[in-house]
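Data first, discussion second: the structure below is written as structure tokens.
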Amino acid sequence: MHNEHDMPALAPQDAAADTDCRGCGTCCRKGGPALHAEDLALFRAGHLAPEHCLTLRAGELARDLDGQLRPLERELVKLRPRMAARGGDWTCLFLNQADSRCSVYAHRPAECRALLCRDTWAIQTLHAVERVTRLDVLAAWAEGAAARASAAADATQADAGQPHAAPAGCANPGVPWADILAAHEERCGYAVLAPVGAALQRAAEEMRARNPGAVHPVPLPGLLDLPDAPDVPDASGQDASGQDAAGQAGAAEVAEAVATFLDAVRFDFAFRSLVRERAGAAMEELDFLLGRTLAATAVMYGVAVRMTADGPELVLPPGSGS
Ligand code: SF4
């Protein structure tokens, strides 16, 4: 993470001799840093922008310092990977792959300055302290953008007496971001989706148990023997599909969970388009503004979203059945 000699900002005073970063870039390949209050100055100064960030929303699974995946109690904002984190590649977008150098080294965030892989004392101290939210970043970015626009206008005086054009997207103070983020959370928040997620997880586990060798994506709830239509139970209490009342109730719960989750996925996609259209947000800013798509995070429930000509469907991911 560090490419020059640099004592971590929070290193213990009696640090041993072998504390220099060797600049291998290994920690930068494990993911960008979470951002803290002192990093807001980097947004005000224009060294960092919302498009460089990714939000992990409250309730989303994130790897803790001990490597365990746990649901986040509150949202966190971090530097994003170079591309959508596909194939598990979380390499920080600012890492130059060719020489493992940081392209914003002089203005890197606090965690990057604190992290030394052979002595994690400083990063552990900093880890959960004063983490910022999306609204903190948006306020700092808008403040900096306004100051820079004003300074540029004063310097050139070319547009003296003319009204300044309103800044676009994240810097536009007219965009009610708090309301927009709250409206998205209301339908797509992980707390709201928790019961649905639990039902999906149970269904996925059952499907895995029934199909241990599945190598292709399997639609949910296709392998749970859902009846096409409710049948009248016979004297044994089973319907024509062989399910008893408990089985039918479980299948109905899964069907409802699938429908509810897919509704949320469709809403999530539509909401993103609306935010681009109405608020002028750039595509690169969406994973910061609204977090990762539900389609991307469905894996935390053991399922995946597959796009078809008829819209999204839920599947058991390939390979997860073995
Ligand atoms: S900002 Fe620089 S030091 Fe920090 S993770 Fe990214 S590449 Fe590494």
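We count ligands from 1, going down the list as the structure has it; atoms in each ligand are counted the same way. One-based numbering along the sequence shown.
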Pairing donors with acceptors under 3.5 angstrom, does anything connect the side chains of Thr133 and Asp136?
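Note: Thr133 and Asp136 side chains meet the donor-acceptor criterion.
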Between Thr91 and Asp89, is any side-chain donor less than 3.5 angstrom from a side-chain acceptor?
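Yes.
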Under 6.0 Å from the ring centre and within 45 degrees of the ring axis: does the NZ or CZ of Arg108 meet both conditions for the six-membered ring of Tyr105?
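Yes, Arg108 lies over the aromatic ring of Tyr105.
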Which ligand 1 atoms, with their elements, are less than 4.0 angstrom from a heavy-atom of Leu95?
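This gives 7 (S) as the contact atoms.
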For atom CZ of Arg278, is the number of surrounding heavy atoms from other residues, nucleotides or ligands below 6.0 Å larger than 12?
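Count not over threshold, so no.
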Using 2.8 Å as the threshold, say whether any N, O or S atom from Cys27 sits that close to atom 8 (Fe) of ligand 1.
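It does not: Cys27 brings no N, O or S atom closer than 2.8 Å to atom 8 (Fe) of ligand 1.
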Region of Leu79 engaging ligand 1 - heavy atom pairs below 4.0 Å:
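Side chain only; the backbone of Leu79 stays clear of ligand 1.
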Give me the atom names and distance for the closest heavy-atom approach of Ala142 to Cys170.
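Nearest pair, atom of Ala142 first, then Cys170: CB-O, 4.3 Å.
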Mind checking whether atom 2 (Fe) of ligand 1 has an N, O or S of Cys102 under 2.8 Å?
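Under 2.8 Å: Cys102 contacts atom 2 (Fe) of ligand 1 through an N, O or S atom.
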Just to be sure I'm reading this right: ignoring hydrogens, which of Cys92, Ser100, Ala110 gets closest to atom 6 (Fe) of ligand 1? Compare them by their nearest heavy atoms.
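Checking each option, the heavy atom nearest atom 6 (Fe) of ligand 1 is found in Cys92.
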